[in-house]
Q: 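What follows is a structure written as structure tokens; I'll ask about it next.
Heads up: numbering here begins at 1 and tracks the sequence. Since the structure is predicted, the reported quantities are computational estimates derived from the model, not experimental observations. Hydrogens, waters and symmetry mates play no part in the numbers below; they use all other heavy atoms, side chains included.
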Amino acid sequence: MANSLRKANWGLKLFAWRYIPLIGFCSPKIVRMDSKTLEVTMPHSWRTKNHLGSIYFGALAIGADLAGAFLVFSKAKARGVNANFAFKDVEGHFLKRPEATVHFSSHDGDIIDAMIDESLATGERINKPVSVVVTCPSLHGDEPMATFTLTLSVKAKTKKAKS
């Protein structure tokens, strides 16, 4: 498992620095990834905190984005499928100020599997909500600091065989 987390984190770094450098700037790290769950941490540092000393809204949005979508990336790669994905909308509820390292958790791997399957079967873009919970374990245990609901939009295609 440690080896697959290492590979996932390298994949995240490469993706971030190549396509979305702002993700890399926030230094997220995948700490748990299985077929149903993805958990990403983000440090509480000068790069991610606001003038009040808590994690900045933009950094929270980046973490929610990763926790809600990185499983699509890894599941598609494992299945040998091209999956284009984006978010159509986002709803966030900010409950408490996260003033230390934050954890973003999504347990919607089954929803993502079903979306990829449906898109492959129909050839259509599939839109479904995924949820992300933000916690600050070092200060507040499992108490949510924020919750996000993001409408994930996925269109999957089988990869063409190389000639």
Side-chain angles (χ1 to χ4, degrees), residues 1-2 4-13 15-17 19-78 83 85-118 125-154:
M1 183 64 175
S4 63
L5 275 179
R6 190 171 319 163
K7 282 177 106 174
N9 276 300
W10 271 109
L12 172 59
K13 284 180 192 216
F15 173 80
W17 288 113
Y19 297 108
I20 310 171
L22 191 55
I23 292 173
F25 185 77
C26 291
S27 303
K29 183 178 179 186
I30 300 167
V31 294
R32 180 176 173 208
M33 185 170 76
D34 58 40
S35 65
K36 296 179 191 256
T37 301
L38 183 72
E39 184 176 347
V40 177
T41 64
M42 187 177 293
H44 180 257
S45 72
W46 68 272
R47 294 176 184 222
T48 59
K49 65 183 180 177
N50 64 21
H51 63 289
L52 299 173
S54 63
I55 301 290
Y56 176 62
F57 162 75
L60 290 171
I62 287 170
D65 175 315
L66 287 174
F70 196 80
L71 272 179
V72 177
F73 179 77
S74 62
K75 285 175 176 284
K77 185 175 181 181
F85 57 93
F87 290 109
K88 291 187 71 154
D89 60 35
V90 61
E91 179 182 321
H93 296 276
F94 304 94
L95 310 169
K96 230 175 184 179
R97 289 182 11 185
E99 296 173 322
T101 296
V102 287
H103 291 240
F104 302 85
S105 300
S106 178
H107 304 285
D108 291 338
D110 290 340
I111 293 170
I112 292 168
D113 281 329
M115 291 174 73
I116 292 171
D117 291 342
E118 186 178 346
R125 181 167 285 283
I126 307 301
N127 303 306
K128 299 230 186 231
V130 294
S131 60
V132 175
V133 176
V134 183
T135 59
C136 192
S138 66
L139 297 179
H140 302 285
D142 291 336
E143 181 182 358
M145 302 289 102
T147 60
F148 289 89
T149 302
L150 306 105
T151 301
L152 181 62
S153 181
V154 175

Q: Locate the shortest heavy-atom distance separating Val132 from Ala64; write the atom from each residue and the value.
A: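 Closest approach of Val132 to Ala64, heavy atoms only: CG2-O, 3.6 Å.
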Q: What are the two closest non-hydrogen atoms of Lys36 and Asp34, and how far apart are they?
A: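 Closest approach of Lys36 to Asp34: N-OD1, 2.9 Å.
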Q: Lys49 side chain to Pro43 main-chain N or O, any donor-acceptor pair under 3.5 Å?
A: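 Not at all, since once roles are kept as given, no pair shorter than 3.5 Å links the two residues.
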Q: Let me see the working for Asp89 and Thr151 under side chain to side chain donor-acceptor pair (under 3.5 Å), right down to the final yes or no.
A: CA-CA 5 Å; Asp89 60 35; Thr151 301; 2.6 Å; yes
Q: Measure from the ring center of Tyr56 to the ring center of Trp46 and say whether it is less than 6.0 Å.
A: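 No, they do not, as the ring centres are separated by 6.0 Å or more.
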Q: Does Val154 form a side chain to side chain contact (heavy atoms under 4.5 Å, CB included) with Ile112? I'd like the steps, not just the answer.
A: CA-CA 9 Å; Val154 175; Ile112 292 168; 5.9 Å; no
Q: Closer than 3.5 angstrom, by distance alone: can the side chain of Thr135 be matched with the main-chain N or O of Pro137 as a donor-acceptor pair?
A: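 Answer holds: no.
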Q: Would a 4.5 Å heavy-atom cut-off, applied to side chains only, mark Ser153 and Met115 as touching?
A: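 No, their side chains stay 4.5 Å or more apart.
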Q: Taking atom CZ of Phe25 as the centre, does the number of heavy atoms from other residues, nucleotides or ligands within less than 6.0 Å exceed 12?
A: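 Buried by this count: over 12 neighbours within 6.0 Å.
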Q: Could you give the distance from OG (Ser106) to CD1 (Ile111), rounded to the nearest 0.5 Å?
A: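 Ser106 atom OG to Ile111 atom CD1 measures 7.5 Å (nearest 0.5 Å).
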Q: Within this structure, what is the CG-OG1 distance for the pair Asp110 and Thr37, rounded to the nearest 0.5 Å?
A: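 Here the rounded value is 9.0 Å.
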Q: What are the two closest heavy atoms between Leu38 and Leu66, and how far apart are they?
A: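 Shortest heavy-atom contact: CD2-O, 3.4 Å.
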Q: I'd like to know if the side chain of Asn9 and the backbone of Ile30 have a donor-acceptor N/O pair within less than 3.5 Å.
A: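 Yes, because the side chain of Asn9 sits within donor-acceptor range (under 3.5 Å) of the backbone of Ile30.
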Q: Are Glu118 and Lys128 side-chain neighbours, meaning at least one heavy-atom pair lies under 4.5 Å?
A: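 Yes; the side chains approach each other to less than 4.5 Å.
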Q: Take Ser131 and Thr147 through the side chain to side chain contact (heavy atoms under 4.5 Å, CB included) test and state the conclusion after the steps.
A: CA-CA 7 Å; Ser131 60; Thr147 60; over 6 Å; no
Q: Atom CG of Asn127 and atom CZ of Phe85: how far apart are they, to the nearest 0.5 Å?
A: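 Separation between the atoms: 14.0 Å.
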Q: Supply the atom-to-atom distance Leu5 CG to Arg32 CZ, rounded to the nearest 0.5 angstrom.
A: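 If we round to the nearest 0.5 Å, Leu5:CG and Arg32:CZ are 10.5 Å apart.
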Q: What pair of heavy atoms forms the shortest contact from Ala59 to Phe104, and how long is it?
A: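 Closest pair (atom of Ala59, atom of Phe104, distance): O-CZ, 4.1 Å.
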Q: Can you tell me how far apart CE (Met145) and CD1 (Ile55) are? Round to the nearest 0.5 Å.
A: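 Nearest 0.5 Å value for the CE-CD1 distance: 11.5 Å.
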Q: Going by heavy atoms in the side chains, are Cys26 and Arg47 under 4.5 Å from each other?
A: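 Cys26 vs Arg47: side chains apart.
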Q: Side chains of Thr41 and His103, heavy atoms from C-beta outward: is any pair under 4.5 Å?
A: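 Yes, their side chains come closer than 4.5 Å.
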Q: Run the side chain to side chain contact (heavy atoms under 4.5 Å, CB included) check on Val90 and Phe148 step by step: do they pass?
A: CA-CA 7 Å; Val90 61; Phe148 289 89; 3.9 Å; yes
Q: Between Phe70 and Val40, is the side chain to side chain contact (heavy atoms under 4.5 Å, CB included) condition met? List the steps.
A: CA-CA 10 Å; Phe70 196 80; Val40 177; 5.9 Å; no
Q: Find the distance between CD (Glu143) and SG (Cys136) and round it off to the nearest 0.5 Å.
A: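 The distance works out to 10.0 Å.
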Q: Of all heavy-atom pairs between His44 and Ala100, which one has the smallest distance, and what is that distance?
A: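 Closest approach of His44 to Ala100: CB-C, 3.3 Å.
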Q: Which heavy atom in Met42 sits nearest to a heavy atom in Gly63, and how many Å separate them?
A: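 Distance-wise, the nearest heavy atoms are CE-N, 3.8 Å.
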Q: Okay, side chain of Thr149, backbone of Glu91: is any donor-acceptor separation there less than 3.5 Å?
A: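 Between the backbone of Glu91 and the side chain of Thr149 there is no qualifying donor-acceptor contact (under 3.5 Å).
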Q: Ring-plane angle category for Phe73 and Phe15, please: parallel below 30°, perpendicular beyond 60°, tilted otherwise.
A: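 Rings of Phe73 and Phe15: tilted, as their planes differ by 30° to 60°.
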